[in-house]
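As structure tokens, the structure follows; a few thoughts come after it.
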Number of protein chains: 2
Amino acid sequence: MRARTPHRPARPAQPSTTSVALGTAGTGQVETTRADPRQDPLFVQSIDRALQVLSAFHETSRPLTLQDISRITGLGRSAVQRMIFTLRALGYIDRDPDDRGYVPGLRILDHTLDFQRLNPVVVKANPILLELRRMTRERVDLSLRDDLRLVYATRLQSKREILTSTLIGNSVPLFCTSGGWAIMAHLDQAEVEDILHRSDRIRHTPHTLTDLRDLRRAVAETRERGYAVAREQILTGEIALGVAILNAQGDPVAAIHLAGSLAEWSREDFEKQFAPLMIQAARTIGRA
Amino acid sequence: MRARTPHRPARPAQPSTTSVALGTAGTGQVETTRADPRQDPLFVQSIDRALQVLSAFHETSRPLTLQDISRITGLGRSAVQRMIFTLRALGYIDRDPDDRGYVPGLRILDHTLDFQRLNPVVVKANPILLELRRMTRERVDLSLRDDLRLVYATRLQSKREILTSTLIGNSVPLFCTSGGWAIMAHLDQAEVEDILHRSDRIRHTPHTLTDLRDLRRAVAETRERGYAVAREQILTGEIALGVAILNAQGDPVAAIHLAGSLAEWSREDFEKQFAPLMIQAARTIGRA
DNA sequence: CCCTCAGGTATCGCATTGCAATACTCTAGT
DNA sequence: ACTAGAGTATTGCAATGCGATACCTGAGGG
């Protein structure tokens with residue numbers, strides 16, 4: 001139990017503060033405009049509870065029983081049972097066919113599709129990513145920033161992709177990924193510090209950078225170059241280029257990645273070959 | 001507005017009736033064990049309402065305003081506003097960065113990942129699908145049945161994939177797809193009739209079969225062959241093989257597809273080449 | 001330039017609605 | 001056979017969410 005699902009926050013972030021952030025920054029202290037949304041009278045408790053139930057599956061890698069969910073969410077048995085009933089009626093939770101227990105339901109994928117259809121970054125990026133993969137023949141990804149992590153929204157497999165971990169919705173931390181460095185390169189140093197300090201800097205490979213000085217340098221280098229290069233930060237034997245995508249206000253909201261194998265590429269070749277393409281692609285997407 | 005999102009049911013299906021279905025079948029009348037879950041005392045209204053708000057995005061291809069959502073869901077402005085506030089605080093809805101309006105939020109993808117990690121069929125199928133694509137070099141998909149439609153859960157692009165419509169969560173109707181025929185081939189004729197009659201048999205290409213007699217024949221042929229062959233039913237120029245995946249009880253709960261181009265393949269070659277592989281793969285997944 | 005309209009946000013009282021407690025059924029394990 | 005664990009169902013009371021209403025802002029338009 002408690003599978004190593006990387007860094008998915010059990011409790012989500014604040015709502016509108018993201019857009020503020022810039023003016024009041026300074027020391028990297030994020031000024032929370034609204035103290036805590038979940039004790040705001042506008043906050044609908046029961047939605048929260050229902051989504052907590054759905055989110056209980058984040059914690060597991062097996063079907064859950066009622067009491068599992070009750071334990072994970074901290075909600076009472078009755079409440080959980082009522083919600084499961086409802087969520088099941090609506091198709092958001094199913095019974096596991098063989099084993100007994102509950103699993104996420106099919107209807108979730110309807111919302112996945114909506115997200116992909118409606119998110120402007122994803123929509124703009126997709127054709128460009130396809131083109132990018134056509135030209136590079138390597139793995140191309142788009143990830144969106146969610147506070148300390150990057151969530152993969154589009155993944156285009158390369159020729160021989162074995163790992164099943166190339167799934168939409170997977171997330172990686174900002175602090176040790178090409179995309180994360182690319183994004184931090186577009187923030188003021190105060191915010192970078194804030195991010196680095198709040199991240200729990202877990203080592204994914206023996207080469208993962210975790211020292212603050214190293215990470216600062218990685219970000220600084222990225223800032224100069226205009227793109228990030230990450231070697232074996234998440235996966236051994238993998239090299240990745242990352243470029244940030246800016247929204248209309250100039251905030252880095254997403255990143256594109258290109259990942260190749262160090263068995264095939266030297267760092268220099270990989271960069272020389274692909275960095276210009278990446279930068280061009282990111283500009284086109286972000287209209288920067 | 002009201003974009004042609006194919007066949008996503010605005011109102012979802014009943015919960016536990018699916019598993020019953022078989023014993024009481026007969027005339028194709030599905031015996032509703034529980035009259036209507038949403039007037040059951042166990043049914044939590046406010047979850048339903050919240051998810052209706054999230055589902056409002058099914059209807060659109062642009063960001064939605066509060067009143068849009070209010071209109072689509074039929075809920076009052078106040079209620080919608082409170083829910084948007086909550087859903088936004090939780091990350092399930094975002095503000096569109098440029099344009100004004102709301103869009104589905106990133107946190108949705110967390111649940112997508114859960115679904116893919118936990119759904120036993122998807123988990124079992126993925127490695128086999130990868131192998132299948134390696135051998136065929138064509139597009140390979142896994143889709144799960146949801147009443148009258150098949151929802152794509154895994155999609156492995158082929159070499160030159162242009163269309164952005166190869167997204168997870170996309171759905172196609174049972175009645176006119178290789179996967180659908182493969183699934184119906186494993187149901188009794190009464191259920192097939194029920195499905196065919198309840199489907200609204202829209203023509204997707206000039207070659208889409210819509211006549212009941214033709215469709216019955218397609219299913220019958222599939223039943224004999226053990227796999228389905230669909231030519232240009234959804235996409236012009238495309239040929240697809242479909243094989244059903246059975247769960248432990250022998251019900252067809254999913255299907256795998258192999259899609260190729262008629263410019264490259266004759267129907268005969270495509271079948272001869274790939275049908276055995278497909279059947280083998282489906283057996284392995286379904287453990288039938 | 002002021003008015004209006006559309007969109008978003010906030011407040012409050014009342015009754016709807018969902019939770020805790022409890023009890024019942026079923027299956028599996030010892 | 002008894003116990004434990006899982007799922008399901010019912011009920012009373014009060015927490016909680018909805019409707020009505022009002023406020024704020026920016027964008028057009030006369």
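Chain naming here is simple, since letters A, B, ... match the order of the sequence lines and numbering starts at 1 in each.
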Per-nucleotide protein contact along nucleotides 16-30 of chain C, 5' to 3', at a 4.0 Å heavy-atom cut-off (B base, S sugar-phosphate only, - neither), is -SBBBBB--------
Atom [atom1] of [X] and atom [atom2] of [N]: how far apart are they, to the nearest Å?
X: B:L66; N: C:dC5; atom1: CG; atom2: C1'; value: 15 Å
X: A:R71; N: D:dG5; atom1: CZ; atom2: P; value: 13 Å
X: B:I69; N: C:dG8; atom1: CD1; atom2: C1'; value: 12 Å
X: B:D48; N: D:dG17; atom1: CG; atom2: C1'; value: 15 Å
X: B:L42; N: D:dG7; atom1: CG; atom2: C1'; value: 11 Å
X: A:D68; N: D:dA6; atom1: CG; atom2: P; value: 7 Å
X: B:Y102; N: C:dT9; atom1: OH; atom2: C1'; value: 9 Å
X: A:R62; N: D:dA6; atom1: CZ; atom2: P; value: 11 Å

_When you measure from the side-chain N and O atoms of B:Q67 to the phosphate of C:dG8, is any distance below 4.0 Å, counting only OP1 and OP2?_
yes
Over-ring placement of B:R95 relative to B:Y102, 6.0 Å and 45° cut-offs: yes
- prompt: Under the 6.0 Å and 45° cation-pi test, does A:R155 pair with A:Y152?
  reply: yes
Of the listed C:dT9, D:dT10, D:dA6, the closest approach to the B:Q81 side chain comes from C:dT9
Could you check whether A:D114 and B:H58, counting side-chain N and O atoms only, form a donor-acceptor pair closer than 3.5 Å?
yes
Notebook entry, point to check: Do A:S171 and A:D146 have a side chain donor and acceptor closer than 3.5 Å?
Noted result: no
Requested in this report: Report yes or no: does A:S70 contribute a side-chain atom to a donor-acceptor pair with the main-chain N or O of A:L66 at less than 3.5 Å?
Outcome: no
Discussion item. Show, in sequence, the C-alpha distance, side-chain angles and deciding distance for A:N126 and A:T154, and conclude whether the side-chain hydrogen bond (donor to acceptor under 3.5 Å, both in side chains) test is met.
Written reply: CA-CA 7 Å; A:N126 272 340; A:T154 302; 3.0 Å; yes
